Engineer: 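There's a structure below that I have some questions on.
Predicted model, so just to flag it, every value in this text is computed and none were measured.
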Amino acid sequence: MPTSAASSPARPDASCPSRRQWLAAALALPALAANSRARAQGGSRPPWQPWTMPGVRQLDLPAAPLPGSSAARQHRVMVYEPEGAVPAGGHPVIYVLDGNLMFPLVAQLVHNRGARSQALRGGSAIVVGLGHAMPAGGAVHDLAARTYDYTPPGEGVGPDARGRAQGGADRFLDFFAGTLQPLLQSELPVDARQQTLLGHSYGGLCTLHALFTRPGMFRHHVAASPSLWWGGGAVLRECRAFIARHGAGGTPLPGSPAMPLSLHLSQGGKELEPRVPGATSDPGREAAALQARALGSTADLPEMLKAVNGLRTRYTVWPGADHGGAMPFACMQAVQIALAAA
């Protein structure tokens with residue numbers, strides 16, 4: 001069971017699989033199935049067919065070139081639309097960053113609700129994955145694109161230690177607000193009041209940046225294992241500025257008492273274990289992490305944000321999960337949060 005901010009720290013559960021174990025198991029299953037079928041058919045090759053999930057389609061939209069490059073690139077938008085009756089106000093929407101990797105899981109979780117009996121089914125949601133156009137069969141991330149799109153701008157922000165451009169989160173959110181959301185609202189029955197943003201790691205960093213600089217763009221914010229270390233705690237400084245603007249006596253947040261904004265933070269239990277000095281080969285990242293820890297941690301944010309009226313904040317620890325292993329739990333959490341209002 002996950003633990004919340006009010007609970008005592010849970011001991012890591014060794015039975016909880018890491019992302020590496022999840023991927024290894026997933027990759028092994030097709031090979032085992034193919035071998036068993038080939039043996040059953042005397043070595044003949046089985047008639048495999050492509051599989052697609054019902055209700056899913058995708059669209060590539062132009063993205064600005066990366067700084068220092070003239071190469072064209074595209075945002076890949078993946079959409080799941082549920083079958084059946086549409087609520088009077090439209091469907092809630094779950095936006096999933098790192099969509100190439102995380103969209104299939106979130107879309108499948110929402111789709112599975114349709115298999116329940118009518119009494120248990122409840123509402124549904126539209127799922128929108130935000131990824132990048134990539135060659136088929138390659139990596140699940142365009143690392144250069146996500147590094148740029150998900151990191152905040154700021155004075156002195158330049159390429160990272162691997163030479164990848166950074167600081168494009170505002171341009172990405174401009175695309176989101178100016179192009180993507182209006183397009184989806186014109187094409188799909190969305191409830192613009194019930195929009196959830198889900199991000200993990202760098203995606204969690206971008207999710208926090210969206211809340212702290214553009215409150216009201218989304219109602220629910222699910223930030224799993226956010227990269228608070230980035231920029232020496234740049235997003236923590238944004239948090240303090242956000243509190244100064246919207247804390248006691250400040251500007252009220254968008255929304256209403258009946259529909260407040262929410263922030264759901266989480267980490268894997270193994271992420272809270274003592275760090276081993278020199279465990280990373282990136283000294284710059286180590287230095288940034290040390291600087292960020294002086295400003296606060298993910299677990300500190302709910303207490304810091306108590307001063308902001310109209311924002312509900314929760315922190316959860318996934319026992320036994322490491323940084324990557326926290327991702328599937330956050331996907332399940334985002335679905336639960338979004339569908340609570342459906």
Side-chain angles (χ1 to χ4, degrees), residues 19-20 23 60-78 95-103 129-176 179-180 197-210 212-214 223-238 271 275 278-293 295 298 322-324 326-327 330:
R19 179 172 62 173
R20 191 179 300 276
L23 293 176
D60 289 344
L61 295 173
L66 295 175
S69 172
S70 59
R73 67 186 189 106
Q74 294 177 308
H75 293 299
R76 177 150 293 170
V77 181
M78 296 150 272
Y95 292 100
V96 185
L97 302 182
D98 284 322
N100 301 71
L101 176 63
M102 294 168 59
F103 169 80
L130 275 298
H132 301 96
M134 298 174 62
V140 294
H141 285 316
D142 182 333
L143 293 177
R146 78 185 291 267
T147 298
Y148 180 66
D149 286 339
Y150 297 164
T151 54
E155 185 177 352
V157 173
D160 67 8
R162 296 175 178 83
R164 297 185 293 231
Q166 302 183 104
D170 277 350
R171 295 185 71 176
F172 175 67
L173 293 174
D174 286 344
F175 157 79
F176 216 122
T179 299
L180 181 63
L197 180 63
L198 164 63
H200 170 261
S201 194
Y202 265 22
L205 172 69
C206 186
T207 298
L208 291 177
H209 176 67
F212 296 152
T213 62
R214 307 185 188 210
S225 302
S227 299
L228 299 190
W229 62 267
W230 185 87
V235 78
L236 291 168
R237 291 188 286 273
E238 289 185 344
E271 295 186 87
R275 295 175 61 88
T280 175
S281 59
D282 187 343
R285 175 168 172 170
E286 283 285 358
L290 286 172
Q291 185 179 354
R293 281 196 289 275
L295 298 175
T298 304
D322 59 13
H323 180 75
M327 182 193 68

Engineer: Could you work out, with side-chain contact (heavy atoms from CB on, under 4.5 Å) as the rule, every residue matching R171, not counting sequence neighbours?
Structural biologist: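 Only A64, Y148 meet the side-chain contact (heavy atoms from CB on, under 4.5 Å) criterion with R171.
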Engineer: What residue among L205, V157, L173 forms side-chain contact (heavy atoms from CB on, under 4.5 Å) with P152?
Structural biologist: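 So the option named by the test is L205.
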Engineer: Compare all side-chain heavy atoms of D174 with those of R214 and state whether any distance is below 4.5 angstrom.
Structural biologist: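 D174 vs R214: side chains touch.
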Engineer: Can you list everything that forms a side-chain contact (heavy atoms from CB on, under 4.5 Å) with V140? Sequence neighbours excluded, please.
Structural biologist: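 Here the qualifying residues are L101.
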Engineer: Report yes if the side chains of W230 and V235 come closer than 4.5 Å at any heavy-atom pair, otherwise no.
Structural biologist: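 With C-beta onward as the side chain, the pair stays apart.
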Engineer: By side-chain hydrogen bond (donor to acceptor under 3.5 Å, both in side chains), which residues pair with E238, not counting sequence neighbours?
Structural biologist: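 Expected list: H209.
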Engineer: Between the main-chain N or O of P226 and the side-chain N or O of S201, is there a donor-acceptor pair closer than 3.5 Å?
Structural biologist: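 No, S201 side chain to P226 backbone: no donor-acceptor pair under 3.5 Å.
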Engineer: Which value, rounded to the nearest 0.5 Å, describes the distance between T207 atom OG1 and Y95 atom OH?
Structural biologist: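 Here the rounded value is 13.5 Å.
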Engineer: Does Q74 reach the main-chain N or O of P62 with its side chain, forming a donor-acceptor pair under 3.5 Å?
Structural biologist: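 No, Q74 side chain to P62 backbone: no donor-acceptor pair under 3.5 Å.
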Engineer: Specify the closest pair of heavy atoms between R146 and G203, including all atoms of both residues, with the distance to one decimal.
Structural biologist: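 Taking R146 first and G203 second, the nearest heavy atoms are NH2-N, 4.1 Å.
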Engineer: Kindly compute the distance separating CG (L236) from CZ (F212), expressed to the nearest 0.5 Å.
Structural biologist: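 If we round to the nearest 0.5 Å, L236:CG and F212:CZ are 7.5 Å apart.
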Engineer: So which heavy atom on C206 is nearest to which on L97, and how close?
Structural biologist: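 Nearest pair, atom of C206 first, then L97: CB-CD1, 4.0 Å.
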Engineer: Of the non-hydrogen atoms in S69 and A71, which two are nearest, and what is the gap between them?
Structural biologist: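 Heavy atoms of S69 and A71 come nearest at OG-N, 3.1 Å.
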Engineer: Could you tell me which non-hydrogen atom of T151 sits nearest to which non-hydrogen atom of G167, and how far apart they are?
Structural biologist: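 Scanning both residues completely, I find the closest heavy atoms to be OG1-N, 2.7 Å.
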Engineer: Going from CG on L208 to OG1 on T298, what distance comes out if it is rounded to the nearest 0.5 angstrom?
Structural biologist: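 So the CG of L208 and the OG1 of T298 are separated by 8.0 Å.
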Engineer: With sequence neighbours left out, what residues match N100 under side-chain hydrogen bond (donor to acceptor under 3.5 Å, both in side chains)?
Structural biologist: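 Scan of N100 (side-chain hydrogen bond (donor to acceptor under 3.5 Å, both in side chains), adjacent residues dropped) gives none.
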Engineer: So do the side chains of H75 and F176 get within less than 4.5 Å of each other, counting heavy atoms only?
Structural biologist: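 No, too far: nothing below the 4.5 Å cut-off.
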Engineer: Is there any salt bridge (Lys or Arg N to Asp or Glu O under 4.0 Å) pair reaching into residues 65-76, and which pairs are they, with sequence neighbours excluded?
Structural biologist: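 Every pair satisfying salt bridge (Lys or Arg N to Asp or Glu O under 4.0 Å) with a residue in residues 65-76: D60-R76, R73-D149.
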Engineer: Tell me, please, which residues at least two apart from D142 pass salt bridge (charged side-chain N to carboxylate O under 4.0 Å, His left out).
Structural biologist: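 Counting only residues at least two positions away or on another chain, D142 forms no salt bridge (charged side-chain N to carboxylate O under 4.0 Å, His left out).
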Engineer: Between Y150 and H132, what is the ring plane arrangement, given parallel below 30°, perpendicular above 60°, and tilted in between?
Structural biologist: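 Tilted: the ring planes of Y150 and H132 meet at 30° to 60°.
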Engineer: If you compare all heavy atoms of M134 against all heavy atoms of H141, which two are closest, and at what distance to 0.1 Å?
Structural biologist: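 Smallest interatomic distance, heavy atoms only, reads CE-O, 3.1 Å.
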Engineer: If every non-hydrogen atom of G131 is compared with every non-hydrogen atom of M78, which pair is closest and at what distance?
Structural biologist: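 Heavy atoms only, the tightest pair is N-CE, 3.8 Å.
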